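To start, the structure under review is shown below, and the notes come after it.
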Amino acid sequence: MDNCIFCKIVKGEIPCYKVYEDKDVLAFLDISQTTVGHTLVIPKEHFDNLLFCPRDLLEKVMHVAQSIAQAQVSSLGAKGVNVLINTNEVAGQTVMHFHVHVIPRYSNEDALRLEFLSNKIDKLNLPAIAENISNKL
Ligand code: 5GP
Ligand code: ZN
């Protein structure tokens with residue numbers, strides 16, 4: 001895609017600090033470095049987000065993400081890792097080229113704040129919700 005920042009990185013038109021590259025996948029440091037070593041893993045081909053990435057390519061992207069997470073623990077001294085995929089604007093996606101954040105964690109006081117707030121579960125029809133999702137798979 002012509003106006004996509006990550007496609008420009010793939011083509012070498014915008015510089016990046018490369019962590020890994022093969023014919024299908026590229027990984028590079030996120031410019032924001034939420035924690036030290038924060039890395040993005042992308043398919044070289046443009047897909048807007050997770051929902052559109054073909055499964056075989058997704059598998060390759062996730063393999064690289066796993067290897068990077070392992071290296072962040074073994075080489076950077078991370079004590080844990082968050083692997084995040086933001087999908088669409090409502091979920092915080094700002095760059096519309098599918099990417100996986102691999103964010104090493106050194107302490108729970110790190111710059112990343114993740115909080116899963118509980119819904120009012122007694123007001124939800126959980127069997128119907130599960131069935132709705134299940135029926136679409
Ligand atoms: P999103 O919010 O879409 O999940 O994440 C997009 C990420 O891309 C952000 O964390 C942002 O810092 C990173 N980013 C945006 N522009 C660039 C860039 O030009 N180079 C690099 N390396 N990262 C970028
Ligand atoms: Zn792109």
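In listed order, ligands and their atoms are each counted from 1. Please read these numbers as outputs of a predicted model, since none were measured by experiment.
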Q: Assess the pair F47 and F6: is the distance between their ring centroids shorter than 6.0 Å?
A: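 Between F6 and F47, which both carry aromatic rings, the centre distance is not below 6.0 Å.
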Q: Take K44 and D24 through the salt bridge (Lys or Arg N to Asp or Glu O under 4.0 Å) test and state the conclusion after the steps.
A: CA-CA 5 Å; K44 287 185 171 176; D24 300 308; over 6 Å; no
Q | Name of the H97 atom (N/O/S only) found closest to the Zn ion (ligand 2) | A | ND1
From [atom], work out which of [options] has a heavy atom at the shortest distance.
atom                    : options            : result
atom 13 (C) of ligand 1 : L84, I14, T39, D30 : D30
atom 15 (C) of ligand 1 : V95, I42, I103     : V95
atom 14 (N) of ligand 1 : T34, L29, I31      : I31

(Q) Assigning hydrophobic clusters by single linkage (Ile, Leu, Val, Met, Phe, Trp, Tyr; side-chain heavy-atom cutoff under 4.5 Å), is V64 placed with F98? (A)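 Same cluster.
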(Q) I'd like to know if Y20 and L26 are part of one continuous hydrophobic network [Ile/Leu/Val/Met/Phe/Trp/Tyr, side-chain heavy atoms within less than 4.5 Å]. (A) no
Q. Are any of the side-chain heavy atoms of Y106 and T35 separated by less than 4.5 Å?
A. yes
**Q.** Validation row: H99, V95 side chains within 4.5 angstrom (heavy atoms)
**A.** yes
Numbered atoms and elements of ligand 1 in range of [X], under 4.0 angstrom, heavy atoms:
X    : value
N86  : 1 (P), 2 (O), 4 (O)
T94  : 1 (P), 2 (O), 3 (O), 5 (O), 6 (C)
L40  : 8 (O)
H101 : 1 (P), 4 (O), 5 (O), 7 (C), 10 (O)

Ligand 1 contact by [X], heavy-atom criterion under 4.0 angstrom:
X   : value
C16 : no
F6  : yes
M96 : no

Counting only nitrogen or oxygen atoms and a 3.5 angstrom limit, does [X] reach ligand 1?
X   : answer
Q93 : no
I9  : no
H38 : no

What part of [X], side chain from CB on, backbone N/CA/C/O, both or neither, has a heavy atom under 4.0 Å from ligand 1?
X   : value
F28 : side chain
F98 : neither
S32 : both

Q: Taking N125 for its side chain and A128 for its backbone only, find out whether a donor-acceptor pair lies under 3.5 Å.
A: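 Here the side-chain-to-backbone pair exists.
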Q. Does S107 offer a backbone N or O that forms a donor-acceptor pair with the side chain of D110 under 3.5 Å?
A.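 Here the side-chain-to-backbone pair exists.
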Non-hydrogen atoms of [X] and [Y] that approach each other most closely:
X    : Y   : result
P104 : A78 : CB-CB, 3.6 Å
A111 : T34 : CB-O, 3.4 Å
Q33  : H38 : NE2-O, 2.8 Å

**Q.** Heavy atoms from other residues, nucleotides or ligands near CZ of R113 exceed 12 (cutoff 6.0 Å)
**A.** yes
Q. What does the angle at the Zn ion (ligand 2) come to, between atom SG of C4 and atom ND1 of H46, rounded to 10°?
A.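 Vertex the Zn ion (ligand 2), arms to SG of C4 and ND1 of H46: 110°.
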Q: May I ask you to identify the nearest protein heavy atom to atom 1 (P) of ligand 1, giving residue, atom name and distance to one decimal place in Å?
A: H99 NE2, 3.1 Å
Q: Identify the protein heavy atom lying closest to atom 19 (O) of ligand 1, giving its residue, its atom name and the separation to 0.1 Å.
A: I5 CG2, 3.5 Å
